[in-house]
Engineer: 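Structure provided below as structure tokens; questions to follow.
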Amino acid sequence: MTNYEDVFKKVVSHAKEYGYVFQSSEVYDGLAAVYDYGPNGVELKNNIKNYWWKSMVNMHENIVGLDTAIFMHPTAWKASGHVDAFNDPLIDNKDSKKRYRADVLIENHIAKIDAKIEKDCIKAAKRFGVAFNKEEFVSTNKRVLERQKKIDEINQKMTSCFSNANLKGIKNLIEELDIKCPVSGTNNWTDVRQFNLMFKTQMGGTADSSSDLYLRPETAQGIFVNFLNVQKTARMKIPFGIAQIGKAFRNEIVARQFIFRMKEFEQMEMQFFVPPGEELKWYQYWKESRMKWHQSLKMGEDNYRFHDHQSLAHYANAASDIEFKFPFGFKELEGIHSRTDFDLKAHQKHSGRKIIYYDSKMNKSYVPYVIETSIGLDRMFLAVLSHSFFEEKLENGESRVVLKIPSVLAPLKAAILPLTKKDGMPKKAREIMKSLQIDFNCQYEEKDSIGKRYRRQDAIGTPFSITVDHQTLEDNTVTLRDRDTMNQERISVEKLHSIIAEKVNISNYLV
RNA sequence: GCGAGUGUAGCUCAGGGGUAGAGCAUCACCUUGCCAAGGUGAGGGUCGUGGGUUCAAAUCCCAUCACUCGCUCCA
């Protein structure tokens, strides 16, 4: 077992043991790729959401929030391209155990034939000393003409199969063309199976196909279809953004790596609307801005990097990921996409309604272009959790497990601990608890030795431990222990609130 | 989905055809009192689930569910 798997396993166990993440429906042996968040997990998650929302919505006069339904009109998903793009016909080679998209296999085969035509064309050009236009050449050469005919025939068959959802036909075509697996070199294929990444359900009691609904595979479309509602009612002027946090659902064939890839997940998205032609400028702006946001948590500059996309999705003209160094390597945490006017135009077309913005500065109307920033909340959660996990060797030879979660995100901000249960210490500790708990999530604990309680708070990731001792009763001071350094400071009870606030308030992180 | 591996207490794991085990954790009481694992006692498991073989299955066989890793896709 490699080391990172080891660490990752420990993080996963730790997450369960301390009430961060549980497997969904565990008493029924669990449900694949679905997880529940425990008492500490929900606090961390809420803190992440709040940190994002404050910085995106509250700190930007030109960004407003929105919360749209998970269900949307089915046509919305036709317009967005998800009905087509999320439908993958897959086929496995039984010998190499490799999986391919059936349409890609066929297209590659076509590309091979096409390459032969190209070659013939070049050869002929050499022989005759004349440069041929490819189309001309095809019509003049019998052998090449047949090749081109073959390509057309395959294309036509493939299109016909796909439009009739004829998966058997696709397999027949692959066998007929004797397409072989590039790895095993055999043509020992399984049947073609259709995988739709969108979850389907019905509205109303009957299974009438007209009432088929999808669970949204992304939150963005809820924003796009509400573009004019929001723009008009909030009296927004371009450039402006709409932010949303919400669940999305994808029926992933393989969902792995704990909460990194789940079937039900949560996105924090902001769609920023700009005039056509200015999208790449804003794309750059948001790339940098979003990276700064991540860096503000101080989880290590080197743990983030950009990954610019080479091949782009159907809606984008530029795309980049912010990747984080997870225990299993650099993986996507957030995507920044320049989505062009694809989505708004598509909804305009499918709905028959105009979705245009009148720009008084430019004195013209247009369909805005969109820059999207989309971060996986669960991935952010995993990034924080896995980055915070440390097993430390202490000077006295013992070890401790500590979650060095950025204090602003920590589920619990302070633990209030009476040194003993005697001499009125619990009463004093309760008083302190009362004075802090309205502003900070606190925990009172009197069980077990003080050292053990410190370790327990370390394992949860509580940045402060406040201990009430004999001296407290005399001069109203307590010891304040720092989670990361384990250093203790004696301070007066009145100062507690401001010291904790300084360390955990969002305003001290976001610039 | 396919292949390989795994599944025994909250956690980490041992055992293995004949009454279910350890350490840690949990709870109660006592003790100690500033960096966990002191004493006494208690609770907790139909050995992932279902079926089969057997006098007898946690153990062997089959199926199934889940997890880990690989292939594919992605937030």
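The sequence lines fix the lettering, A, B, ..., with proteins before strands; numbering per chain opens at 1.
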Engineer: May I have the step-by-step check of ring pair (Phe, Tyr, Trp, His ring centres under 6.0 Å) for F381(A) and Y37(A), ending in yes or no?
Structural biologist: CA-CA 11 Å; F381(A) 183 105; Y37(A) 287 86; 4.8 Å; yes
Engineer: If you only use heavy atoms from C-beta on, which nucleotide in rC34(B), rG33(B), rC74(B) is closest to the side chain of T467(A)?
Structural biologist: rC34(B)
Engineer: Would you kindly give the CG-to-P distance between N40(A) and rG10(B), to the nearest whole Å?
Structural biologist: 19 Å
Engineer: Would you mind reading off the distance between F258(A) atom CZ and rA75(B) atom P, rounded to a whole angstrom?
Structural biologist: 21 Å
Engineer: For RNA chain B, report each stem as range with range, ordered by first number, or say none. Use Watson-Crick or G-U wobble pairs under 3.5 Å, at least 3 in a row.
Structural biologist: B:1-7 with B:65-71, B:10-13 with B:21-24, B:26-30 with B:38-42, B:48-52 with B:60-64
Engineer: What interatomic distance, in whole Å, is found between C1' of rG23(B) and the corresponding atom of rA4(B)?
Structural biologist: 32 Å
Engineer: Could you tell me how far rU72(B) sits from rC65(B) if I compare only their P atoms? Round to whole Å.
Structural biologist: 24 Å
Engineer: For E391(A) and rA36(B), what is the distance between atoms CD and C1' respectively, to the nearest whole Å?
Structural biologist: 15 Å
Engineer: May I ask you to decide if the ring planes of H60(A) and W286(A) are parallel, tilted or perpendicular, using 30° and 60° as cut-offs?
Structural biologist: tilted
Engineer: Taking CG from D469(A) and C1' from rU32(B), how many angstroms apart are they, rounded to a whole number?
Structural biologist: 16 Å
Engineer: For rC24(B) versus rU19(B), give the span between their C1' atoms, rounded off to a whole number of Å.
Structural biologist: 26 Å
Engineer: Scan D321(A) against the nucleic acid and name what it touches under 4.0 Å (heavy atoms): base, sugar-phosphate only, or nothing.
Structural biologist: nothing
Engineer: Ion pair present between K495(A) and E489(A), side-chain N to carboxylate O less than 4.0 angstrom?
Structural biologist: no
Engineer: Return whichever of R379(A) or P418(A) has its heavy-atom-nearest nucleotide of RNA chain B closer to the 5' end.
Structural biologist: P418(A)
Engineer: For residues Y509(A) and S55(A), is any side-chain donor paired with an opposing acceptor at under 3.5 Å?
Structural biologist: no
Engineer: Find the distance F265(A):CZ to rC74(B):P and express it as a whole number of Å.
Structural biologist: 12 Å
Engineer: So, are R339(A) and E372(A) salt-bridged, with charged N and O less than 4.0 Å apart?
Structural biologist: yes
Engineer: Classify the nucleic acid contact of L333(A) as base, sugar-phosphate or nothing, counting any heavy atom under 4.0 Å across all strands shown.
Structural biologist: sugar-phosphate
Engineer: Find the distance R483(A):CZ to rC35(B):C1' and express it as a whole number of Å.
Structural biologist: 16 Å
Engineer: Might you work through the side chain to side chain donor-acceptor pair (under 3.5 Å) test for S465(A) and Q457(A), ending with a clear yes or no?
Structural biologist: CA-CA 8 Å; S465(A) 290; Q457(A) 294 302 327; 5.6 Å; no
Engineer: Do Q488(A) side-chain and rC34(B) base share a donor-acceptor contact under 3.5 Å?
Structural biologist: yes
Engineer: To the nearest angstrom, how far is F22(A) atom CZ from rC11(B) atom P?
Structural biologist: 10 Å
Engineer: Looking across every strand, which nucleic acid part, if any, lies under 4.0 Å from Q23(A) by heavy atom: base, sugar-phosphate, or nothing?
Structural biologist: sugar-phosphate
Engineer: Considering non-hydrogen atoms only, spot the tightest contact between V504(A) and V408(A) and give its length.
Structural biologist: O-CG2, 3.3 Å
Engineer: Select one nucleotide: of rC69(B), rG33(B), rC35(B), the one nearest the side-chain heavy atoms of T420(A).
Structural biologist: rG33(B)
Engineer: Within the 3.5 Å criterion, strictly below it, is a donor on S338(A) or N317(A) matched to an acceptor on the partner's side chain?
Structural biologist: yes
Engineer: Go through residues 443-466 of chain A and report each residue with a non-hydrogen atom lying under 4.0 Å from RNA chain B, sorted by number.
Structural biologist: K447(A), D448(A), S449(A), I450(A), G451(A), K452(A), R453(A), Y454(A), R455(A), R456(A)
Engineer: Of the options rU68(B), rC74(B), rC34(B), whose atoms approach the side-chain atoms of Y35(A) most closely?
Structural biologist: rU68(B)
Engineer: State whether the distance check finds a donor on one side and an acceptor on the other, under 3.5 Å, for side chain R481(A) versus base rC34(B).
Structural biologist: no
Engineer: Using the C1' atom on both, measure rG51(B) against rG39(B) and round to a whole Å.
Structural biologist: 49 Å
Engineer: For rC74(B) versus rU12(B), give the span between their P atoms, rounded off to a whole number of Å.
Structural biologist: 33 Å
Engineer: Quote, to the nearest angstrom, the C1' distance that separates rG43(B) from rU6(B).
Structural biologist: 29 Å
Engineer: Expressed as a whole number of Å, how far does the P atom of rG48(B) sit from that of rU8(B)?
Structural biologist: 6 Å
Engineer: Counting side-chain heavy atoms from CB outward, which of rA75(B), rG33(B), rC11(B) is closest to R250(A)?
Structural biologist: rA75(B)
Engineer: I'd like the C1' distance from rG50(B) over to rA58(B), given in whole Å.
Structural biologist: 15 Å
Engineer: Answer yes if the ring centres of F328(A) and F260(A) are under 6.0 angstrom apart, and no otherwise.
Structural biologist: yes
Engineer: How do H337(A) and M486(A) order along RNA chain B: which one's closest nucleotide is nearer the 5' end?
Structural biologist: M486(A)
Engineer: Expressed in angstrom and rounded to an integer, what is the separation of D378(A) atom CG from rC74(B) atom P?
Structural biologist: 19 Å
Engineer: Could you check whether the rings of F258(A) and F8(A) sit parallel, tilted or perpendicular, using 30° and 60° as the cut-offs?
Structural biologist: perpendicular
Engineer: In a check of salt bridge (Lys or Arg N to Asp or Glu O under 4.0 Å) between R305(A) and each of E323(A), E332(A), E334(A), which one passes?
Structural biologist: E323(A)
